[in-house]
K.L.:
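I am attaching a structure below and will ask some questions about it afterwards.
Read the numbers this way: they start at 1 and go in the same order the structure lists the ligands and their atoms.
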Amino acid sequence: MKSHAHQIKSLLITIACKSADGLLLPFHALEIISGKDTCGGTHSSGANWVSGCRFPTLFLLAGLITTFASAQTVVKIDVAKPGMQVSSQLYGLMTEEINYSYDGGIYAELIRNRIFKDDEKRPVNWSVVQEANGTASISLDQHQPIENTVLTTSLRLDGNHASEGHRVGIANEGYWGIPVKPNTTYHATFYAKTAGAGGVPLTVSIESNDGKTVYATSQDAKINGHWQKYAITLTTGKNVTPSTAAKFVIATENPGTVWFNLVSLFPPTFNNRANGNRIDLMQKLVEMKPSFLRLPGGNYLEGDTVATRYQWKQTLGPLEQRPGHPGTWRYRSSDGMGLLEFMQWCEDMKAEPVLAVFAGYALKKETIAAGPKLQPFVDEALDEIEYVTGDTNTTWGAQRAKDGHPKPFKLTYVEIGNEDGFDTGKTYDGRFTQFYDAIKAKYPHLKLISTVNGKDPLGQRQHLTSRIPDVVDEHYYYGALEMMNDASRYDTYSRTAPKIFIGEWAAREGAPTTNLISALADAAWMTGMERNADIIVMSCYAPLFVNVNPGGMQWKSNLIGYDALTSYGSPSYYAQKMFSEYLGNISLAVQTENISTQAWQPKAKKDQTLPPPKQVPTLFFSATKADKNGDIYLKVVNAISTAQAVKVELNGTKNVAPEGKAITLSSAKPDDTNSITEPTKIVPVIRKATGLGSQFSYTFAPYSVTVLVISTR
Ligand code: AHR
């Protein structure tokens with residue numbers, strides 16, 4: 001395949017640029033194009049390239065005069081050639097506990113610090129309720145454990161003065177508020193006991209932060225002198241205005257001491273799962289049609305230390321048995337999102353898990369050398385695979401059945417570690433070998449992913465492990481133009497080395513979620529994946545989620561943002577949705593001519609001088625065909641501020657329907673974005689595309705990603 005990247009004219013300086021009108025076939029009836037001049041902004045000289053000038057006629061640089069014939073941008077798609085098979089798992093999702101992705105994110109639990117272990121000294125996220133003349137205090141208590149559980153720290157309420165109309169109690173602020181919605185039923189559970197005589201009545205409610213509005217309340221619980229679990233239903237009325245300015249309260253009008261533990265509150269969940277996921281976020285993911293979910297991280301898998309790695313065995317069973325653990329992103333994880341919950345999350349999306357197993361390397365450079373010391377971790381991984389896939393007559397398959405899911409889950413890929421290239425001790429080879437041999441011996445059908453890669457674009461990629469992995473995971477985080485510059489990376493990759501899983505990638509402009517220029521760069525990058533579908537078998541963007549509240553974000557560029565109440569997809573989210581939704585099973589060869597370029601200034605590496613600017617294409621293409629219906633999906637990214645006309649040639653087919661569909665994502669400015677307040681500012685628009693044929697011209701809107709759906713039957 002000849003890549004369009006190879007065909008970019010190496011233009012140096014533009015001093016003239018003319019209207020494209022005369023060279024275009026007529027605009028499509030329903031296409032919206034702003035402006036006719038194909039040159040954007042002011043013309044410049046020297047190192048600054050004129051962005052998007054497509055029809056240069058005269059070039060001048062330091063006395064050098066070069067002339068070019070006016071040239072039309074052409075994309076040629078070879079429909080007759082067999083093309084490359086596109087992996088059905090090309091687009092998936094990556095997840096980890098970062099930016100409050102699980103707790104305070106997709107995991108629907110609303111109570112923050114529910115077992116009081118988030119801080120050893122103070123009951124953070126909890127406050128005391130003292131109404132009218134009621135007086136009380138709250139504190140952590142290590143002396144009232146609940147037997148046979150990990151619930152060793154309780155919240156103690158000392159109510160000094162309380163009487164009718166003078167209540168005291170505890171309140172939880174949730175993850176930046178408890179989300180209140182009309183006509184909604186919430187399920188609260190908690191353990192409580194009192195020091196005095198039994199029969200102390202407790203009122204449970206969701207109320208406004210100032211306590212003046214009670215959205216839902218229940219007075220069912222009468223507690224006594226021993227630990228008991230209470231379950232209460234709270235339902236809001238139809239006139240409730242959605243709000244996050246609310247808290248969860250358990251209060252009493254009796255004085256005395258009350259202890260609490262494992263206080264939990266769930267709103268309705270996706271597929272009504274107990275301990276389940278937030279509905280709006282799941283819907284957004286399902287709409288992306290992901291084929292897999294890479295889990296549980298990321299750095300979250302590795303832990304800062306071996307002791308704080310993701311220990312899947314501690315995430316099983318009832319919440320009473322889950323102690324949680326310190327995460328790698330500066331907050332503690334409740335482990336409410338446990339291994340079974342991950343699997344059910346996959347099941348609910350009709351996606352497969354890509355299971356990353358801890359491989360003996362933690363972030364603070366702790367490594368377990370290959371050999372006997374590593375074996376317990378290899379065994380841990382084997383047990384984990386058995387938990388996911390084993391029959392109920394296996395030890396861990398039986399445990400899964402006990403936990404509520406007798407049916408094994410489908411698993412094809414297991415990833416050994418995460419970013420082990422950062423292991424400066426270079427111990428991965430030995431560790432990978434030990435895991436590889438043990439997993440392949442027991443599960444020969446499983447495909448194993450290495451996390452150390454060659455990243456050599458010159459076709460010289462080498463296996464960096466002695467055992468040849470089935471797939472290599474490569475990660476790329478870039479600025480937008482840098483990502484566009486690299487969109488042709490795989491056009492020249494070695495075809496003989498292992499297949500590639502781009503397990504984390506993103507153009508990183510815009511925070512807390514990425515903006516339009518990032519979406520364009522992401523889309524450009526995805527055209528590269530589709531053009532190289534023979535070697536790229538899987539990909540997933542990262543990070544997936546961010547809680548946009550102050551303090552919620554640890555990583556600046558993310559795909560989906562939310563607060564307690566609502567969520568939105570970034571432009572990058574919609575670009576991915578478009579690419580995943582309109583994907584054929586065959587990647588067609590694409591050739592291009594006369595693609596204009598724009599300048600990108602790479603940053604200087606440490607202690608080095610600034611490298612010369614690079615010319616980056618302004619248009620990117622890929623084409624796939626769906627055998628099932630004969631549709632061709634031509635994806636085009638126009639990365640600049642001017643509309644660009646392209647002549648499309650579909651070679652090898654005469655059967656092209658004159659009418660098709662154009663799905664376009666665009667906006668006026670590169671830093672335009674979506675947000676909680678403007679969640680759908682930039683979304684794909686579907687229009688009819690007319691005038692199609694085996695040769696046609698189409699004008700791509702400024703700053704746009706377009707999928708042209710072209711029928712060939
Ligand atoms: O996606 C954020 C982090 O980037 C991941 O945890 C890690 O794998 C990568 O370095």
K.L.:
Please determine if Asp486 and Lys614 form a salt bridge, counting it only when a charged side-chain N lies under 4.0 Å from a carboxylate O.
P.N.:
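Salt bridge: no.
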K.L.:
With the threshold set at 4.0 Å, does a side-chain nitrogen-carboxylate oxygen contact exist between Glu109 and Arg322?
P.N.:
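Salt bridge flag = no for Arg322 with Glu109.
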K.L.:
If you measure from each non-hydrogen atom of Asn418 to ligand 1, which part falls under 4.0 Å: side chain, backbone, both or neither?
P.N.:
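For Asn418, the contact with ligand 1 is made by the side chain alone.
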K.L.:
When you measure from atom 10 (O) of ligand 1 to every protein heavy atom, which one gives the shortest distance, and what is it?
P.N.:
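I find the closest protein heavy atom is Glu419 OE1, 2.7 Å.
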K.L.:
In ligand 1, which numbered atoms sit nearer than 4.0 Å to a non-hydrogen atom of Trp329?
P.N.:
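Contacts of ligand 1 toward Trp329, numbered from 1: 3 (C), 6 (O).
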K.L.:
Using a 4.0 Å cut-off to any heavy atom of Glu96, which atoms of ligand 1 qualify?
P.N.:
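Heavy-atom distances to Glu96 below 4.0 Å select 1 (O), 2 (C), 3 (C), 5 (C), 6 (O).
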K.L.:
Which label fits Tyr310 and Tyr300: parallel for a plane angle under 30°, tilted from 30 to 60°, or perpendicular past 60°?
P.N.:
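Aromatic pair Tyr310/Tyr300 classed tilted.
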K.L.:
For ligand 1, is Tyr300 a contact, meaning one of its heavy atoms is under 4.0 Å away?
P.N.:
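Contact absent.
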K.L.:
Is a donor from one side chain sitting under 3.5 angstrom from an acceptor on the other, for Glu482 and Asn485?
P.N.:
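There is no such pair (donor and acceptor under 3.5 Å, judged by atom type) between the side chains of Glu482 and Asn485.
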K.L.:
Does an N or O from His475, backbone or side chain, lie closer than 3.5 Å to an N or O of ligand 1?
P.N.:
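Between His475 and ligand 1 (N or O atoms, distance only) the closest approach is not under 3.5 Å.
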K.L.:
Whether Glu347 and Arg273 form a salt bridge (side-chain N of Lys/Arg under 4.0 Å from carboxylate O of Asp/Glu) is what I want to check.
P.N.:
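The answer is yes: the pair qualifies as a salt bridge.
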K.L.:
Please could you name the atoms of ligand 1 that Tyr477 approaches to less than 4.0 Å, counting only its heavy atoms?
P.N.:
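Answer, ordered by atom number: 1 (O), 2 (C), 4 (O).
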K.L.:
Between the candidates Met94, Gln554, Glu504, which shows the shortest non-hydrogen contact distance to atom 4 (O) of ligand 1?
P.N.:
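Looking at heavy atoms only, the winner is Glu504.
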K.L.:
Which ligand 1 atoms are under 4.0 Å away from a heavy-atom of Pro543?
P.N.:
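Heavy-atom distances to Pro543 below 4.0 Å select 1 (O).
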K.L.:
Going by ring-ring contact (aromatic ring centres under 6.0 Å, His included), Tyr477 matches just one of Trp555, Trp505, Trp525, Tyr541. Which one?
P.N.:
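Among Trp555, Trp505, Trp525, Tyr541, the one that satisfies the ring-ring contact (aromatic ring centres under 6.0 Å, His included) with Tyr477 is Trp555.
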K.L.:
Determine, for Glu504 against Arg294, whether the closest basic-nitrogen to carboxylate-oxygen distance falls under 4.0 angstrom.
P.N.:
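So Glu504 pairs with Arg294 through a salt bridge.
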